[in-house]
Amino acid sequence: MNSVRIISVMVILLAFTSIGGANPGGVGDGNFDMQCGGACHGDASQNQTSPAALELSLDSTAYLNLPVSITAKVSGIQFTSSDKVGLFLITDTTGHSDLPEDAGWTVISDQHGGNNNYVEISGSSLTSEYTASWTLKSDNLQPTEFYLSIHHGDENTPFFGISSALTITPQEVPDNLPRLATDYSPIISRDLGENTTMLISTIDVQQMTVEWRLVEGESVFVNASLVGEQEWSYELPAALQTSVIEWRAVLQGEGPDQTTPWFRIAAQEPVLQIDQVQIYLQSIALGCFLMGLILTLHNKFYLPTINDESSIGLVSDGEINSAEMLPLPEGGLPEGWTLEQWKWYGHEYLEDIK
Amino acid sequence: MISAATFHVITTELVVGSFAMAGVCFLIKALQAFDFLGSQQLSQVADNAGHFAIGFGLLATPFAIMSGISSSPGTGVSSPLLVNKMFLSMAAAGLALSVLYARYAVGKRVWANKKSSITQSFAGLGASGLMLFTASLGGKFSRNESLLDVFNLSFETILLIPFWITIVVLIVALAAIVLAVLGLRNDLTIQH
């Protein structure tokens with residue numbers, strides 16, 4: 001009868017679970033290979049082909065060690081506002097070792113001000129075309145094939161799609177080309193409520209104009225100030241709420257004018273400033289405290305008392321299920337024994353001395 | 001080479017599965033402590049399976065914690081939610097260790113009376129509950145949604161005690177563990 005009840009309860013609990021292979025809430029931006037480590041879609045074998053049309057394009061000429069933007073376009077599919085759409089920028093279609101860094105490219109910034117190859121965008125019922133872009137740079141001159149992969153789903157089905165290849169071959173940088181320094185890496189995040197001084201390292205630049213804007217907002221143009229040997233700076237005003245600003249610079253010098261790709265900087269809540277050692281120690285102390293508490297309770301409770309009526313019948317294995325007290329041995333209780341212990345463990349003592 | 005994020009998925013699934021199994025077993029033992037589900041066979045299965053599952057889950061826990069820290073954005077424990085995850089998982093690990101040691105040291109007599117049974121089964125249930133709670137916070141962190149959203153709990157608040165109190169608690173806890181372990185050993189050696 002008990003078994004029937006247990007099985008019934010389990011069946012009822014299982015009936016409340018949903019069957020699906022997708023994570024409709026997404027998994028957050030990150031650096032993921034095409035199959036997402038099994039995390040984006042619960043089971044890749046359930047994937048169906050996405051009807052979305054995918055296209056990748058290069059925004060300008062790619063030079064060795066200089067940033068360049070790649071723009072992704074997704075069209076031909078309607079999402080709802082509750083849908084998350086995952087977009088991957090990858091360099092292989094085998095499902096592993098396909099991150100841009102595996103091909104010698106570094107993601108400098110992504111759509112959301114991070115530096116991930118995978119970004120999630122929110123669907124909208126008002127549009128059927130979505131764009132995302134990444135800014136990257138290469139440390140070698142080898143041609144690289146880039147692909148855009150998409151993960152999305154409906155109520156129960158995960159969908160997967162991949163674009164055709166976009167081949168990019170970086171070129172040697174021409175002499176006197178006004179450009180960013182090869183080791184320059186822009187700030188991609190800042191805390192809320194802080195003015196931000198943006199520093200830009202360049203080569204062969206004599207004048208710089210910066211254009212910045214909130215994403216999809218109106219542009220603001222400022223002249224950057226020279227603050228050192230090929231070091232330029234400009235100010236970004238404080239952000240009052242989490243937001244992403246994108247900026248680019250027009251570089252002027254002896255060579256032809258150059259416009260950098262759009263870089264993004266995300267304003268976010270301040271990162272938690274806390275002593276890591278204290279966190280770890282407090283965690284260990286909490287674990288030890290609970291362990292000590294339970295063992296102390298066991299130390300106190302585990303020997304049954306004669307007056308504890310509840311002890312009878314709780315023994316599960318038949319090993320000590322007799323509450324009948326054995327007759328005391330000749331000479332009385334063994335040394336150090338109590339009557340309670342004799343009652344429960346006397347039979348073991350007698351077996352031992354046999 | 002497997003990434004930290006993927007390894008974290010694997011290890012957390014091992015931890016969650018094991019602790020969920022252990023939770024069911026300790027729930028049965030807890031019910032038996034209150035004279036429900038009196039089957040002796042069920043009792044033995046729950047005892048063995050529960051302790052094996054919690055032991056296996058405990059083995060996987062350090063890997064889950066380390067890979068979780070490695071795969072989280074930034075360096076170390078960088079958000080209040082991750083700090084709370086750390087506290088909960090270590091609390092669960094402490095409870096699980098005490099459950100396993102008690103079972104190892106006392107044997108089946110850990111179920112010999114009501115108070116001891118309640119202590120053991122509720123410690124096992126607590127370990128399972130806290131570990132599942134921790135796993136649920138992982139969903140909150142990565143997907144901003146969790147099964148526990150219905151309770152509207154705030155995980156942006158951290159209960160951080162002063163450093164010196166942490167040290168005192170740690171010393172007292174370690175002393176309590178040593179005394180309890182010695183006490184259990186002494187009591188057991190009396191039998192032989």
Side-chain angles (χ1 to χ4, degrees), chain A residues 2-3 6 23 25-28 30-33 37-39 114 271-272 274-276 278-305 308 310-311 313-320 334 336-338 341 344-345 348-349 352, chain B residues 3 5-6 9 32-33 37 39-40 42-44 47 74 76-80 83 86-87 90-91 93-95 97-99 101-102 106 108-117 119-120 123 142-145 160-161 163 166-167 169-170 173-174 176-177 179-181 183-184 187 190-192:
Chain A
N2 281 336
S3 308
I6 291 168
N23 290 323
V27 295
N31 279 303
F32 297 134
D33 60 35
V271 176
L272 183 66
I274 199 164
D275 184 0
Q276 300 284 314
Q278 187 173 359
I279 294 292
Y280 294 135
L281 262 184
Q282 188 171 323
S283 304
I284 293 168
L286 184 61
C288 289
F289 174 78
L290 290 171
M291 186 179 175
L293 178 70
I294 298 301
L295 288 179
T296 303
L297 287 175
H298 271 302
N299 197 23
K300 188 177 175 188
F301 293 148
Y302 95 93
L303 285 177
T305 58
D308 187 359
S310 61
S311 65
L314 276 174
V315 184
S316 59
D317 56 0
E319 184 181 332
I320 51 170
W337 283 65
T338 65
Q341 288 166 341
W344 289 95
Y345 308 122
E348 289 185 1
Y349 176 83
D352 284 346
Chain B
S3 70
T6 304
V9 171
Q32 289 186 331
L37 300 174
S39 159
Q40 189 166 320
L42 182 63
S43 172
Q44 279 184 359
D47 181 25
V77 186
S78 55
S79 88
V83 172
M86 188 79 189
F87 289 164
M90 287 302 287
L95 284 173
L97 267 175
S98 67
V99 163
Y101 184 78
V106 185
K108 292 179 180 176
R109 291 181 200 88
V110 80
W111 306 113
N113 68 52
K114 186 169 184 174
K115 286 177 180 172
S116 180
S117 294
T119 305
Q120 183 75 350
S142 58
R143 294 184 290 277
N144 198 29
E145 62 182 357
L160 205 59
I161 58 178
F163 192 75
T166 305
I167 299 295
V169 171
L170 188 59
L174 288 173
I177 291 170
L179 288 175
V181 166
L184 286 169
D187 286 340
I190 288 170
Q191 301 166 43
H192 299 290

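Just so we're on the same page: letters track the sequence lines, and every chain starts at 1. Note that the coordinates shown come from a computational prediction; the quantities given were computed from them, not determined experimentally.
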Rounded to the nearest 0.5 Å, what separates atom [atom1] in [X] from atom [atom2] in [Y]?
X	Y	atom1	atom2	value
B/I167	A/L281	CD1	CG	5.0 Å
A/C288	B/I177	SG	CD1	4.5 Å
B/L95	A/L293	CG	CG	8.5 Å

Please check if the number of heavy atoms outside B/F87 that lie under 6.0 Å from its CZ is greater than 12. yes
Name the member of B/A91, B/S98, B/A173 that forms the most heavy-atom pairs with chain A at distances under 4.5 Å. B/S98
Under 4.5 Å from a heavy atom of chain A, the part of B/A93 involved: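 Neither; nothing under 4.5 Å.
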Is B/L179 close to chain A through its backbone or its side chain, or both, or neither, when contacts mean heavy atoms under 4.5 Å?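 When you check distances to chain A, only backbone atoms of B/L179 fall under 4.5 Å.
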